[in-house]
K.L.:
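Sharing a structure below in structure tokens format, with a few things to ask.
These numbers come from a predicted model, not from an experiment.
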Amino acid sequence: YVKNMGLQSVEQAQTQIGDVRGAQRTTALIPSLDTKAFAEVDVARAQVKAGDRSGALTTLQAALKDIDAWVPLTDAQKVAACGCGIDDKETFGHKASLEEEVGEVRTAAGDIAGARAILVAARNDAEKSSSGWSFSYTCNNIVDAELKAGDIAGAETTAALITNPTYRAS
């Protein structure tokens with residue numbers, strides 16, 4: 001856990017200062033595919049900011065590949081990789097959160113169709129996750145990303161899933 005978070009912190013510092021190549025090298029060292037996937041999204045954001053939209057889309061594909069490889073791992077394999085306990089419902093919550101972030105970056109990179117498609121996947125994965133505030137929080141973020149991608153109907157569909165009153169009002 002400490003190694004994953006430490007490396008992700010280094011990657012985040014590198015992306016904040018625009019050191020995309022350094023962040024890519026650091027991200028490659030992250031052992032947990034879950035943490036690595038979120039770091040790859042950070043790198044893709046930095047690539048978009050630097051004007052490398054094509055590179056960002058390639059990096060986002062790697063993030064999706066990594067999260068897809070993470071999901072079927074057993075609990076024991078996940079604990080070994082990240083030093084944390086994550087059950088299946090939490091795994092789908094993490095995947096939905098990652099997909100929501102991928103959708104936002106795809107929108108920023110100009111790939112609206114790709115953003116809309118991944119946000120539908122995010123909604124579907126969120127429905128497989130645990131209920132309650134974390135589910136509502138994730139759905140709220142998906143709604144925001146769908147609105148940024150111009151998908152009003154998708155945003156309305158996702159908003160209807162929100163059960164927590166705090167997130168339902170926003």
Side-chain angles (χ1 to χ4, degrees), residues 1-111 114-115 117-130 133-135 137-142 144-145 148-149:
Y1 177 82
V2 172
K3 182 175 183 179
N4 288 302
M5 294 299 103
L7 288 169
Q8 189 176 28
S9 293
V10 171
E11 165 271 315
Q12 289 170 339
Q14 290 169 314
T15 57
Q16 286 176 357
I17 63 169
D19 181 9
V20 173
R21 288 186 195 265
Q24 288 171 319
R25 286 190 298 272
T26 301
T27 298
L29 301 173
I30 297 173
S32 168
L33 293 172
D34 176 89
T35 305
K36 183 177 181 180
F38 279 94
E40 287 166 330
V41 174
D42 289 340
V43 170
R45 271 193 197 92
Q47 288 173 302
V48 169
K49 188 175 179 179
D52 183 8
R53 293 171 189 241
S54 174
L57 294 175
T58 299
T59 302
L60 292 173
Q61 283 306 111
L64 292 170
K65 181 179 174 187
D66 286 339
I67 201 72
D68 284 341
W70 171 260
V71 170
L73 295 178
T74 66
D75 289 348
Q77 290 170 315
K78 290 173 186 169
V79 168
C82 74
C84 55
I86 298 176
D87 66 23
D88 287 341
K89 287 184 180 275
E90 288 176 307
T91 295
F92 281 105
H94 279 253
K95 185 176 183 199
S97 292
L98 178 96
E99 290 166 334
E100 174 267 317
E101 290 189 31
V102 167
E104 283 191 9
V105 178
R106 281 186 180 273
T107 298
D111 180 16
I118 198 65
L119 291 168
V120 169
R123 180 186 324 124
N124 293 336
D125 285 329
E127 288 186 279
K128 297 175 194 171
S129 72
S130 56
W133 75 266
S134 62
F135 169 76
Y137 175 80
T138 300
C139 285
N140 189 59
N141 289 341
I142 294 168
D144 289 344
K148 289 176 187 171

K.L.:
Given 3.5 Å as the limit, does a donor-acceptor pair link the side chain of Asp111 with the main chain of Arg106, or not?
P.N.:
no
K.L.:
Of all the heavy-atom pairs spanning Ala69 and Leu33, show the shortest one and how long it is.
P.N.:
CB-CD1, 3.6 Å
K.L.:
Rounded to the nearest 0.5 Å, how far does CZ of Arg45 lie from CD of Glu40?
P.N.:
13.0 Å
K.L.:
Closer than 3.5 angstrom, by distance alone: can the side chain of Thr35 be matched with the main-chain N or O of Ser32 as a donor-acceptor pair?
P.N.:
no
K.L.:
Ignoring hydrogens, what is the shortest heavy-atom contact between Glu99 and Leu119? Give both atom names and the distance.
P.N.:
O-CD2, 4.2 Å
K.L.:
Could you report the tightest heavy-atom contact between Phe38 and His94, atom names first, then the distance?
P.N.:
CZ-O, 3.4 Å
K.L.:
For the atom pair CD1 (Ile30) and CD (Glu11), what is the distance rounded to the nearest 0.5 Å?
P.N.:
6.0 Å
K.L.:
Please give me the minimum heavy-atom distance between Ala115 and Gly103, naming the atom from each residue.
P.N.:
CB-O, 3.3 Å
K.L.:
Run through Ile67, Leu60, Asp68 and flag the one making a side chain to side chain contact (heavy atoms under 4.5 Å, CB included) with Leu98.
P.N.:
Ile67
K.L.:
Please identify which of these residues, Asn4, Leu29, Thr27, Leu7, meets the side chain to side chain contact (heavy atoms under 4.5 Å, CB included) condition with Lys36.
P.N.:
Thr27
K.L.:
Does the side chain to side chain contact (heavy atoms under 4.5 Å, CB included) test come out yes or no for Val105 and Val48, once each step is laid out?
P.N.:
CA-CA 8 Å; Val105 178; Val48 169; 3.9 Å; yes
K.L.:
Using side-chain hydrogen bond (donor to acceptor under 3.5 Å, both in side chains), reason through Glu100 and Thr138 one step at a time and then give a plain yes or no.
P.N.:
CA-CA 8 Å; Glu100 174 267 317; Thr138 300; over 6 Å; no
K.L.:
Quick one: does Ser129's side chain have a donor or acceptor within less than 3.5 Å of a partner on Ala126's backbone?
P.N.:
yes
K.L.:
Between Thr59 and Gln47, which heavy-atom pair has the shortest distance, and what is it?
P.N.:
OG1-OE1, 2.7 Å
K.L.:
Indicate the atoms forming the closest heavy-atom contact of Val71 with Phe92, along with that distance.
P.N.:
CG1-CZ, 3.9 Å
K.L.:
How many angstroms lie between atom CD1 of Ile142 and atom OH of Tyr137, to the nearest 0.5 angstrom?
P.N.:
11.5 Å
K.L.:
Do Val20 and Asp52 touch side chain to side chain, with heavy atoms closer than 4.5 Å?
P.N.:
no
K.L.:
Given 3.5 Å as the limit, does a donor-acceptor pair link the side chain of Thr58 with the main chain of Ser54, or not?
P.N.:
yes
K.L.:
So, Arg53 side chain and Ala108 main chain: donor-acceptor pair closer than 3.5 Å or not?
P.N.:
yes
K.L.:
Could you grab the distance from atom CG of Asp42 to atom CD of Gln24, nearest 0.5 Å is fine?
P.N.:
12.5 Å
K.L.:
Within a strict 4.5 Å, meaning less than it, do heavy atoms of the Cys139 and Arg123 side chains meet?
P.N.:
no
